[in-house]
There are 2 protein chains.
Amino acid sequence: MTDKKNAKDIIIKAASRLFRTRGYYGVGLNEILKESGTAKGSLYYYFPNGKEELAIAAIDYTKEFVADKIRRALEKFEEPIQAFQAHINDLSEEFGVHKEIFGLPIGTIAGETSLTSEPIRLACQSAFECWQLIYVEKLLASGYSEKHAKELGLLINAMLEGGILLCLTTKSREPLRIIAEQIPFLLKK
Amino acid sequence: MTDKKNAKDIIIKAASRLFRTRGYYGVGLNEILKESGTAKGSLYYYFPNGKEELAIAAIDYTKEFVADKIRRALEKFEEPIQAFQAHINDLSEEFGVHKEIFGLPIGTIAGETSLTSEPIRLACQSAFECWQLIYVEKLLASGYSEKHAKELGLLINAMLEGGILLCLTTKSREPLRIIAEQIPFLLKK
DNA sequence: CTTTAATTATAACAACCGGTCTACTAGTAT
DNA sequence: ATACTAGTAGACCGGTTGTTATAATTAAAG
């Protein structure tokens with residue numbers, strides 16, 4: 001999680017960005033190397049098992065990165081409704097500003113590999129669980145029941161991945177904004 | 001090797017299935033040909049512009065195929081809440097039965113290509129719009145306002161794509177079932 | 001300095017990619 | 001029978017893929 005120090009982190013960061021935006025099979029090793037300014041030797045030194053191992057590291061990095069972003073956004077308001085709206089609007093805003101480097105956090109790679117690579121699938125699952133847990137905790141703190149909180153946490157995860165996908169496909173930030181507006185109806189106790 | 005139908009449709013069907021489950025870059029032409037039992041000559045005879053043109057045809061096919069499925073499911077109940085729940089539970093059921101051949105309708109390919117192929121992106125956008133329109137019409141028929149219906153239609157689209165993604169990554173049909181249970185809160189007028 | 005380990009840089013690898021090309025079959029109309 | 005055409009089959013191409021092996025470089029330790 002430290003900044004640009006060793007080559008390993010640089011490679012992970014570049015891979016994370018590229019995998020997120022274009023998927024696992026859509027990005028080649030050469031492109032990752034070019035973007036990160038490193039060479040093949042370094043990649044296979046740090047990731048002896050190649051592309052798959054790198055992808056898992058990239059997903060883990062994205063998991064933590066996104067988790068921090070979620071936490072920071074949810075802290076802004078005590079009330080879940082306002083907090084989640086703030087979070088979603090943050091995403092929408094980010095998409096509006098620099099749409100090129102914005103991808104489904106891990107949706108694309110998750111869909112591509114769910115049937116072809118069990119290790120990557122598990123890494124994606126872990127990320128989704130991590131984010132959901134943050135949502136759940138926020139809801140529990142406001143008195144939602146354990147069951148209800150878990151259901152809503154899952155739903156928010158699904159809505160966000162789907163919403164980001166729609167933003168990408170329509171090249172507009174409207175989908176996420178509309179989703180944010182529906183949050184109050186959803187979180188009504 | 002001409003089966004009951006012409007080769008073009010066979011290729012489109014095979015491509016549709018493979019693209020849906022593993023994405024655009026995750027599937028090679030040779031695999032599509034092997035699966036469809038045709039040869040390269042036929043493919044480039046019907047799709048002179050190659051893989052991209054085939055992908056668009058496959059997406060259009062998926063669009064109509066899924067649209068029919070949605071219409072059939074929504075017809076079962078007049079009340080939107082029950083109708084949408086039936087639709088989502090259908091999907092969940094289908095995933096439980098044969099999870100291998102179940103993919104995000106087009107989520108994966110949409111994410112992969114939104115930044116790399118404008119024609120494919122537009123085909124995906126058209127599919128999403130088509131499905132949303134069906135949702136909207138169902139809601140309008142029950143007295144929802146135009147604005148509210150459109151918002152909910154988009155939300156349902158996002159929830160479904162996200163929910164299917166979560167089903168794939170967790171190898172469980174629970175996500176879609178949980179989403180179905182939340183529908184009543186969402187559609188409350 | 002010398003020696004040794006850690007890291008990086010290339011070159012080469014088979015396998016496969018999407019795409020092109022030509023030969024071939026089968027059916028139809030003349 | 002002949003000529004024409006729609007459609008099929010598959011070998012082949014240049015380029016790229018992920019991976020491996022090895023050489024060159026740097027850093028650390030004695």
Side-chain angles (χ1 to χ4, degrees), chain A residues 2-19 21-59 108-109 112-113 115-121 123, chain B residues 1-59 108-109 112-113 115-121 123:
Chain A
T2 47
D3 274 289
K4 44 191 162 187
K5 248 286 192 169
N6 48 10
K8 188 176 182 181
D9 287 341
I10 297 177
I11 295 175
I12 289 179
K13 271 187 151 183
S16 162
R17 234 211 61 197
L18 288 169
F19 281 146
T21 50
R22 302 221 310 272
Y24 183 69
Y25 298 111
V27 178
L29 254 26
N30 293 322
E31 199 173 353
I32 296 174
L33 295 172
K34 197 173 71 179
E35 169 119 349
S36 64
T38 57
K40 231 159 226 187
S42 305
L43 199 161
Y44 275 88
Y45 176 79
Y46 291 111
F47 306 96
N49 293 331
K51 194 182 187 185
E52 191 175 55
E53 188 180 356
L54 170 59
I56 293 171
I59 291 167
T108 303
I109 186 171
E112 275 178 306
T113 60
L115 297 171
T116 53
S117 167
E118 194 66 3
I120 296 183
R121 198 207 105 227
Chain B
M1 306 308 167
T2 36
D3 276 29
K4 50 207 130 187
K5 285 199 140 191
N6 54 4
K8 188 175 182 181
D9 287 341
I10 296 176
I11 294 174
I12 289 179
K13 272 186 151 183
S16 163
R17 234 210 62 197
L18 288 168
F19 281 147
R20 253 165 27 208
T21 50
R22 304 221 309 270
Y24 182 71
Y25 297 110
V27 179
L29 253 25
N30 293 320
E31 198 174 355
I32 296 174
L33 295 173
K34 199 173 70 181
E35 168 120 349
S36 64
T38 57
K40 222 161 239 186
S42 304
L43 199 161
Y44 275 87
Y45 176 78
Y46 292 110
F47 306 97
N49 293 330
K51 193 183 187 183
E52 191 175 54
E53 188 180 357
L54 170 58
I56 292 171
I59 291 167
T108 303
I109 186 171
E112 275 178 305
T113 60
L115 297 171
T116 52
S117 167
E118 195 67 2
I120 297 183
R121 199 208 104 226

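Order of the sequence lines fixes the chain letters, A, B, ..., with proteins taken first and strands second; residue numbering starts at 1 for each chain.
In this structure A:Lys34 satisfies the side chain to side chain donor-acceptor pair (under 3.5 Å) test with no other residue, sequence neighbours excluded. Judged as a salt bridge (charged side-chain N to carboxylate O under 4.0 Å, His left out), and not counting sequence neighbours, the contacts of B:Glu35 are B:Arg17. For B:Thr113, the side chain to side chain donor-acceptor pair (under 3.5 Å) criterion is met by no residue, not counting sequence neighbours. Scored by the side chain to side chain donor-acceptor pair (under 3.5 Å) test, B:Lys51 finds no partners at all (sequence neighbours excluded). Residues passing the salt bridge (charged side-chain N to carboxylate O under 4.0 Å, His left out) test with A:Glu31 are A:Arg22, sequence neighbours excluded. A search for side chain to side chain donor-acceptor pair (under 3.5 Å) contacts involving B:Glu53 returns nothing, not counting sequence neighbours.
Note: CD (A:Glu52) to C1' (D:dT17) measures 16 Å, nearest angstrom. Atom CD in A:Glu31 sits roughly 14 Å away from atom C1' in D:dG18 (whole-Å rounding). As rounded to whole Å, 12 Å separates atom P of D:dG18 from atom CG of A:Leu18.
Residues from residues 37-51 of chain A placing a heavy atom under 4.0 Å of any atom in DNA chain D, listed by number, are A:Lys40, A:Tyr44, A:Gly50, A:Lys51.
Remark: A:Asn30 is not in phosphate contact with D:dG18, judged by side-chain N or O atoms under 4.0 Å from OP1 or OP2.
B:Ser16 and B:Arg20 share a donor-acceptor pair across their side chains, judged by distance under 3.5 Å alone.
In this structure, OG1 on A:Thr38 lies 11.0 Å from CG on A:Asn6, to the nearest 0.5 angstrom.
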Between side-chain atoms of residues 42-49 of chain B and protein atoms elsewhere (two or more places apart, or another chain), which donor-acceptor pairs fall under 3.5 Å?
none

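Bracketed by its first and final contacts, the part of DNA chain C lying under 4.0 Å from non-hydrogen atoms of chain A reaches from C:dA6 to C:dT10 in 5' to 3' order.
Under the ring-ring contact (aromatic ring centres under 6.0 Å, His included) criterion, the residue pairs touching residues 6-40 of chain B are B:Phe19-B:Tyr24, with sequence neighbours excluded.
Between the axis at the start and the axis at the end of the helix from C:dC1-D:dG30 to C:dT30-D:dA1 there is an angle of 0°, using five pairs per end and rounding to 10 degrees.
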